[in-house]
Protein chains: 2
Amino acid sequence: MTVLEWDPYDRNCPSRQVLDRVGDRWTVLVVGALAAGPMRFSELAERVDGVSQKMLTQTLRNLERDGLVTRTMYAQIPPRVEYELTDSGTTLQLPMKALEDWTKEHMRGIMAARYEYDLHKAELPKP
Amino acid sequence: MTVLEWDPYDRNCPSRQVLDRVGDRWTVLVVGALAAGPMRFSELAERVDGVSQKMLTQTLRNLERDGLVTRTMYAQIPPRVEYELTDSGTTLQLPMKALEDWTKEHMRGIMAARYEYDLHKAELPKP
DNA sequence: CAGTATCCTGTATGATACTG
DNA sequence: CAGTATCATACAGGATACTG
């Protein structure tokens with residue numbers, strides 16, 4: 001039996017929701033960080049530079065909700081909470097890494113293209 | 001000479017800007033649509049269900065600015081404008097497709113996980 | 001430490017109307 | 001047809017303060 005063929009180009013396709021989640025600012029970075037192994041909240045906060053406590057919490061909750069990350073609390077003081085990719089979450093690493101790699105490879109070219117584009121736009125007179 | 005190793009985990013890394021662009025709601029879908037070959041504005045609008053004229057224009061301008069898409073205007077009435085992936089844009093297809101494929105494969109599981117998660121959350125009493 | 005709760009702002013996105 | 005311009009708004013996301 002084959003998987004029913006969803007069409008992301010249909011606005012009602014649930015894959016749109018998944019795509020939205022995957023495509024948010026922090027998910028890529030958090031999943032990438034967790035690829036190295038389980039991490040505590042504070043370690044993640046340090047690793048993913050610039051993420052606010054709120055956004056990190058929210059991103060992790062969403063990943064947990066989607067079954068991509070597990071959250072383990074150790075009953076001790078001060079509390080210690082570890083996050084780890086699930087099997088499903090681990091499979092996400094591949095496309096994420098592909099994206100990260102692509103980004104690294106093309107970043108320079110893109111920044112240069114932007115510079116060029118903006119330069120030419122600036123030359124155009126105001127209508 | 002090797003490429004300088006950028007670190008997307010640093011908040012000042014330009015890759016963050018690239019990642020943001022790639023991760024917006026429509027870019028993945030537009031690039032995916034253009035994978036089939038050059039398309040007119042109206043064809044894209046039809047293919048990418050739910051995108052507004054404004055957002056499609058904006059997405060295409062950004063892709064053009066980044067050197068990932070070319071815009072060709074044919075001087076005729078009514079106007080005809082075709083968009084096509086550049087070589088650079090074509091390379092983006094691979095990671096994008098990987099993401100699309102992953103999404104298709106895991107969508108069901110994710111939706112199920114969400115359902116479960118929300119169910120258990122609903123059981124918890126209000127503090 | 002690992003959150004939650006609040007407040008506040010900018011930006012992303014949509015709807016609508018107009019034009020070369 | 002392929003846009004641009006304008007208006008309106010929801011929500012992402014940051015700053016800050018408090019807590020088990």
Side-chain angles (χ1 to χ4, degrees), chain A residues 11-12 16-30 33-34 38-66 69-84 117 121 124-127, chain B residues 11-12 16-30 33-34 38-66 69-84 117 121 124-127:
Chain A
R11 86 175 77 189
N12 296 126
R16 287 281 181 97
Q17 295 171 45
V18 177
L19 231 35
D20 278 2
R21 176 63 28 79
V22 164
D24 79 26
R25 207 209 218 70
W26 303 112
T27 298
V28 180
L29 295 170
V30 168
L34 287 176
M39 290 181 83
R40 314 180 52 157
F41 186 87
S42 51
E43 290 175 315
L44 277 168
E46 194 183 0
R47 176 79 175 123
V48 182
D49 187 37
V51 69
S52 67
Q53 206 171 28
K54 178 184 171 182
M55 278 303 105
L56 182 53
T57 301
Q58 200 172 106
T59 303
L60 286 167
R61 287 291 169 283
N62 283 330
L63 285 169
E64 194 193 352
R65 178 169 180 253
D66 287 352
V69 156
T70 59
R71 178 175 181 274
T72 312
M73 250 198 90
Y74 297 91
Q76 59 188 46
I77 291 176
R80 180 171 141 234
V81 180
E82 284 205 338
Y83 293 92
E84 185 173 12
Y117 185 93
K121 284 294 155 186
L124 297 177
K126 281 271 179 190
Chain B
R11 86 174 76 190
N12 295 127
R16 287 282 181 98
Q17 295 171 43
V18 176
L19 231 35
D20 278 2
R21 176 63 30 77
V22 164
D24 78 27
R25 206 207 217 68
W26 304 112
T27 298
V28 179
L29 295 169
V30 168
L34 288 175
M39 289 180 83
R40 314 180 50 157
F41 186 87
S42 52
E43 289 174 315
L44 278 169
E46 193 183 3
R47 176 80 176 123
V48 182
D49 188 35
V51 68
S52 66
Q53 205 171 28
K54 178 182 171 182
M55 278 303 105
L56 182 54
T57 301
Q58 202 171 105
T59 302
L60 287 167
R61 287 293 168 281
N62 283 331
L63 285 170
E64 194 193 352
R65 177 168 180 253
D66 287 352
V69 155
T70 58
R71 177 175 181 276
T72 312
M73 250 200 88
Y74 297 91
Q76 59 189 46
I77 293 177
R80 179 173 142 233
V81 179
E82 283 205 338
Y83 293 92
E84 186 172 10
Y117 185 92
K121 285 293 156 188
L124 298 177
K126 280 272 180 191

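Atoms considered below: every heavy atom in the structure, side chains included; atoms not considered: hydrogens, waters and symmetry mates. These numbers come from a predicted model, not from an experiment. Each chain gets a letter, A, B and so on, in the order its sequence line appears, and its residues count up from 1.
Distance CZ (B/Arg11) to P (D/dG13): 15 Å, rounded to an integer number of Å. The CZ atom of B/Arg21 sits 14 Å away from the C1' atom of C/dT13 (whole-angstrom rounding). A/Asn62 has its CG atom 14 Å from the P atom of C/dG3, to the nearest Å. Between the C1' atom of D/dT4 and the CG atom of B/Leu56 lies a distance of 14 Å, rounded to the nearest Å. Atom pair A/Met55:CE and C/dA5:P shows a separation of 14 Å (rounding to whole Å applied). Look at CZ on B/Arg61: it is 17 Å from P on C/dT13, rounded to the nearest Å. The CE atom of B/Met73 sits 13 Å away from the P atom of C/dG20 (whole-angstrom rounding). Rounding to whole angstrom units, CD of residue B/Gln58 and P of C/dG14 are separated by 10 Å.
Across all their heavy atoms, A/Leu60 and A/Phe41 have their closest contact at CD1-CD1, 3.9 Å.
Between A/Glu64 and A/Thr59 there is no side-chain heavy-atom pair separated by less than 4.5 Å. When side chains are defined from C-beta on, B/Met39 counts as touching B/Leu34, because their heavy atoms get closer than 4.5 Å. In this structure, the side chains of A/Arg61 and A/Arg71 come closer than 4.5 Å at one or more pairs of heavy atoms. Counting heavy atoms from C-beta on, the side chains of A/Asp66 and A/Arg21 come closer than 4.5 Å. The closest side-chain heavy-atom distance from A/Val81 to A/Tyr74 is not below 4.5 Å.
When the side-chain nitrogen and oxygen atoms of A/Arg71 are compared with OP1 and OP2 of C/dG3, one or more of them lie within a distance under 4.0 Å. Note on A/Arg25: a side-chain N or O is less than 4.0 Å away from OP1 or OP2 of D/dG13. Regarding contacts with the backbone of C/dC1, every side-chain N or O of A/Arg40 stays at 4.0 angstrom or more from both OP1 and OP2. Between B/Ser42 and the phosphate of D/dA2, there is a side-chain N or O to OP1/OP2 separation shorter than 4.0 Å.
When heavy atoms are screened at a 4.0 angstrom cut-off, B/Tyr74 is found touching no nucleic acid atom at all. Counting any heavy atom pair closer than 4.0 Å across all strands shown, A/Gln53 reaches a base atom.
Side-chain atoms of B/Thr27 and B/Asp24 form a donor-acceptor pair, as typed in the model, at a separation below 3.5 Å.
Residue order along DNA chain D, read from the 5' end via each residue's closest nucleotide, puts B/Pro78 first among B/Pro78 and A/Val51.
Listed nucleotides C/dC1, D/dC1, C/dT13 differ in distance to B/Lys54; the shortest reach to its side chain belongs to C/dT13. When distances run from any side-chain atom of B/Thr57 to the nucleotides D/dG3, C/dG3, C/dT13, the shortest one goes to D/dG3. Considering only the side chain of A/Pro79, C/dA2 comes nearest among D/dG14, C/dA2, D/dA2. Here D/dG3 is the nucleotide among D/dG3, D/dC1, C/dA2 with the atom lying nearest to any side-chain atom of B/Tyr83.
Looking only at distances, no side-chain donor or acceptor of A/Glu46 sits under 3.5 Å from a matching main-chain atom of A/Glu43.
Taking a pair as Watson-Crick or G-U with both hydrogen-bonding distances under 3.5 Å, the stems of three or more pairs touching DNA chain C are C:1-20 with D:1-20.
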